[in-house]
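When reading the values below, keep in mind they use all heavy atoms of this one structure, side chains included, and skip hydrogens, waters and symmetry mates.
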Amino acid sequence: AAANNAQARQLAEFGPEKVNAYELGSKWTFAEGTAELNAALFRTDSKDLQVTALIPGGVLTAFAVENAASARNQGAEVELNWRPIQSLVLGARTAYLDAKYSNFSDSQCFGGETATQGCVNGVQSLSGQQLPFSPKFAATLDAEYTWHLVGQWSIAAFVQASYSQSYWTEFVDDPASRQGSYTKYNARLALRSNHLDLALIGRNLSNVYTFAGASQINPAAAGGTADAATIDPPRELILQLRYHF
């Protein structure tokens with residue numbers, strides 16, 4: 001028992017991650033000052049990445065948080081904001097991301113993974129695989145138009161579309177946890193004054209169900225594995241009243 005406790009404490013200890021980050025960016029203003037374009041290239045190299053890995057040997061053989069991986073995260077981001085007329089603002093944002101494990105040879109297998117799929121002695125290699133929550137491409141388009149009424153009163157209408165390519169939602173690349181590509185739409189209609197803001201807000205109007213996170217559980221009664229996922233909110237309609245002092 002003492003040996004088990006000593007190794008358990010050792011398994012609970014891990015060191016810091018080491019990160020080298022590089023970024024090159026620029027900003028341009030054009031169209032007589034009505035448009036702004038921001039662009040950036042970035043790269044991050046991570047060593048001793050904190051991941052759940054197999055820790056063999058000793059009294060216990062277990063999976064625990066360990067500095068067992070390295071990763072490279074690189075890509076580009078572009079943002080454009082344009083006010084073609086005083087009442088209209090247009091925006092666009094895009095991102096390309098190449099985020100992969102450089103080396104992660106002792107990851108836990110997902111439940112039911114076979115040797116053909118890459119699980120050998122309870123371990124799989126994720127070297128070269130996509131990092132979780134890292135879609136290769138994402139983009140957002142939005143527009144806001146404002147009608148000026150009498151005095152300090154105005155009405156503003158805002159619409160937005162957000163697209164994301166597919167990505168993993170957990171750390172063992174279980175196919176059941178793969179989030180597919182999706183597009184979500186949001187909108188807002190607001191009556192405003194200097195002190196009052198009354199708005200009708202619509203979120204995820206396309207009612208797309210997406211994973212906020214996923215994991216596997218081992219139900220004792222079934223004697224097998226099952227997938228559990230946290231779901232992002234479905235379609236929401238919100239009436240919001242704010243008063244500014």
Side-chain angles (χ1 to χ4, degrees), residues 1-26 38-79 93-111 113 117-138 164-179 210-218 227-230 232:
N4 284 353
N5 291 336
Q7 191 178 2
R9 287 193 297 270
Q10 183 180 4
L11 293 176
E13 298 177 355
F14 50 88
E17 297 178 353
K18 301 179 180 66
V19 177
N20 292 322
Y22 315 88
E23 183 171 350
L24 176 64
S26 185
N38 304 322
L41 298 174
F42 59 89
R43 173 170 160 175
T44 301
D45 293 315
S46 302
K47 294 183 179 180
D48 297 328
L49 197 65
Q50 296 168 3
V51 294
T52 301
L54 180 65
I55 314 299
V59 180
L60 297 175
T61 297
F63 285 95
V65 176
E66 182 75 354
N67 301 96
S70 59
R72 173 167 293 172
N73 186 331
Q74 58 188 359
E77 296 177 339
V78 178
E79 178 180 9
R93 287 162 293 283
T94 63
Y96 171 77
L97 181 61
D98 179 24
K100 296 179 180 178
Y101 290 110
S102 304
N103 180 33
F104 188 15
S105 58
D106 52 359
S107 168
Q108 180 180 357
C109 299
F110 61 83
E113 184 176 5
Q117 293 172 304
C119 182
V120 179
N121 297 324
V123 172
Q124 64 168 330
S125 175
L126 296 183
S127 301
Q129 297 300 308
Q130 181 183 17
L131 292 174
F133 300 99
S134 303
K136 283 194 172 183
F137 178 77
S164 173
Q165 281 191 339
S166 60
Y167 52 87
W168 299 108
T169 60
E170 45 69 75
F171 293 87
V172 293
D173 287 10
D174 177 8
S177 73
R178 184 77 175 177
Q179 172 61 57
T210 54
F211 294 151
S215 61
Q216 285 203 330
I217 57 177
N218 295 288
D227 295 292
T230 303
D232 290 315

Value rounded to 0.5 Å, distance of [atom1] in [X] from [atom2] in [Y]:
| X | Y | atom1 | atom2 | value |
| --- | --- | --- | --- | --- |
| Phe133 | Gln179 | CZ | CD | 9.5 Å |
| Gln117 | Asp174 | CD | CG | 9.5 Å |
| Ser166 | Lys136 | OG | NZ | 9.0 Å |
| Leu97 | Phe137 | CG | CZ | 12.0 Å |
| Asp173 | Cys109 | CG | SG | 11.0 Å |
| Thr169 | Asp232 | OG1 | CG | 10.0 Å |

Does the side chain of [Y] come within less than 4.5 Å of [X]'s, by heavy atoms?
| X | Y | answer |
| --- | --- | --- |
| Gln124 | Glu113 | yes |
| Thr44 | Asn20 | no |
| Ser134 | Tyr167 | no |

For a quick test of your reading: what N or O donor-acceptor pairs under 3.5 Å do the side chains of residues 71-79 make, sequence neighbours left out?
| unit_1 | atom_1 | unit_2 | atom_2 | d |
| --- | --- | --- | --- | --- |
| Arg72 | NE | Asp45 | OD1 | 2.8 |
| Gln74 | NE2 | Asp98 | OD2 | 3.3 |
| Glu79 | OE2 | Asn81 | ND2 | 3.3 |

Next item on the list: Run the numbers on Gln129 and Lys100 for side-chain contact (heavy atoms from CB on, under 4.5 Å), then give the verdict.
Entry: CA-CA 5 Å; Gln129 297 300 308; Lys100 296 179 180 178; over 6 Å; no

Note to self: Please evaluate residues Ser70 and Leu49 with respect to the criterion side-chain contact (heavy atoms from CB on, under 4.5 Å), reporting the C-alpha separation (whole Å), side-chain torsions for both, the decisive distance (0.1 Å), and the verdict.
What the structure shows: CA-CA 5 Å; Ser70 59; Leu49 197 65; 6.0 Å; no

Item checked: CA sep, side-chain torsions, deciding dist, call: Glu17, Ser46, side chain to side chain donor-acceptor pair (under 3.5 Å) -> CA-CA 7 Å; Glu17 297 178 353; Ser46 302; 5.4 Å; no

Notebook entry, point to check: Are the side chain of Ser177 and the backbone N or O of Pro175 linked by a donor-acceptor pair below 3.5 Å?
Noted result: no

Next item on the list: Kindly give the heavy-atom pair with the smallest separation between Ser102 and Ser127, and that separation in Å.
Entry: O-CB, 4.1 Å

Note to self: Going by the rule ring pair (Phe, Tyr, Trp, His ring centres under 6.0 Å), which residues pair with Tyr101 if we only count those two or more places apart in sequence or in a different chain?
What the structure shows: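 Expected list: Phe104.
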
